[in-house]
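Since the structure is predicted, the reported quantities are computational estimates derived from the model, not experimental observations. Atom set for the values below is all heavy atoms of this structure, side chains included, hydrogens, waters and symmetry mates excluded.
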Amino acid sequence: MIKFKRHIKVDDQVFETWFGMDIKKKGSRPNVSIFYYTDDPNEELSVHQLIKANFTSKDEAVKYGTRFMRRMYQDMIKREASSSEENQENEEETIL
């Protein structure tokens with residue numbers, strides 16, 4: 001498996017993300033799978049998760065993986081913002 005790191009920028013935050021790419025030949029065509037790692041791949045507890053398989057080129061797989069992770073980070077930021085707003089509202093209700 002090929003392992004590589006990308007820096008993904010979402011708004012004003014930069015996330016360091018490790019990807020893995022597995023390339024197998026299917027006849028004369030390549031079959032490329034893209035994964036993301038939960039941590040540095042050299043760490044013992046880091047695991048890889050499949051994002052998507054059956055790409056025909058490395059570039060296509062990397063672009064898809066980068067877009068996937070950017071959307072995931074955007075969703076994470078939105079959830080954190082909404083949960084912090086809910087916590088503030090709950091604290092205000094408790095004070096009143």
Side-chain angles (χ1 to χ4, degrees):
M1 183 175 307
I2 302 169
K3 301 170 189 172
F4 57 97
K5 179 174 36 172
R6 290 286 190 263
H7 291 90
I8 299 174
K9 186 174 182 181
V10 178
D11 298 329
D12 59 342
Q13 299 181 33
V14 178
F15 297 91
E16 184 178 277
T17 306
W18 281 94
F19 289 99
M21 192 180 320
D22 190 28
I23 304 169
K24 296 179 181 172
K25 289 282 187 178
K26 205 176 204 181
S28 62
R29 298 178 58 184
N31 184 7
V32 182
S33 300
I34 188 82
F35 301 85
Y36 74 91
Y37 280 89
T38 56
D39 198 2
D40 185 334
N42 298 322
E43 296 292 325
E44 184 177 322
L45 298 176
S46 179
V47 295
H48 61 276
Q49 300 291 324
L50 178 65
I51 296 174
K52 190 174 176 184
N54 298 324
F55 291 101
T56 56
S57 74
K58 294 178 191 177
D59 290 338
E60 183 183 2
V62 171
K63 285 179 185 177
Y64 184 88
T66 304
R67 284 192 310 250
F68 177 88
M69 294 304 292
R70 182 174 289 123
R71 286 190 305 266
M72 189 175 84
Y73 290 137
Q74 287 171 339
D75 291 344
M76 180 184 69
I77 291 169
K78 286 178 187 175
R79 275 193 307 254
E80 285 179 358
S82 67
S83 68
S84 67
E85 288 174 6
E86 288 175 9
N87 288 340
Q88 287 177 351
E89 290 174 5
N90 290 340
E91 288 175 7
E92 290 173 1
E93 289 176 5
T94 305
I95 292 172
L96 296 176

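Under a 4.5 Å side-chain heavy-atom criterion applied to ILVMFWY residues, the cluster that includes I34 comprises I2, F4, I8, V10, F15, F19, M21, I23, V32, Y36, I51, F55, V62, Y64, F68, M69, M72, Y73, M76, I77 as well.
Closest approach of P41 and S46 over heavy atoms only: CA-OG, 3.9 Å.
Put simply, the side chain of T38 gets close to the backbone of V47: a donor and an acceptor are under 3.5 Å apart. In this structure a side-chain-to-backbone donor-acceptor pair under 3.5 Å is missing from N31 to K24.
For the atom pair K3 NZ and N42 CG, the distance stands at 6.0 Å (nearest 0.5 Å). To the nearest 0.5 Å, atoms CG (D39) and CD (E16) are separated by 9.5 Å. Atom CZ of R70 is separated from atom OG1 of T17 by 10.0 Å, given to the nearest 0.5 angstrom.
With contacts defined as side-chain heavy-atom distances shorter than 4.5 Å, the pair F35/M1 qualifies.
In this structure, D40 has no salt bridge (Lys or Arg N to Asp or Glu O under 4.0 Å) partners at least two apart in sequence or on a different chain.
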*Output, in order, the C-alpha distance, side-chain angles, deciding distance and verdict of side-chain contact (heavy atoms from CB on, under 4.5 Å) for W18 and H48.*
CA-CA 9 Å; W18 281 94; H48 61 276; over 6 Å; no
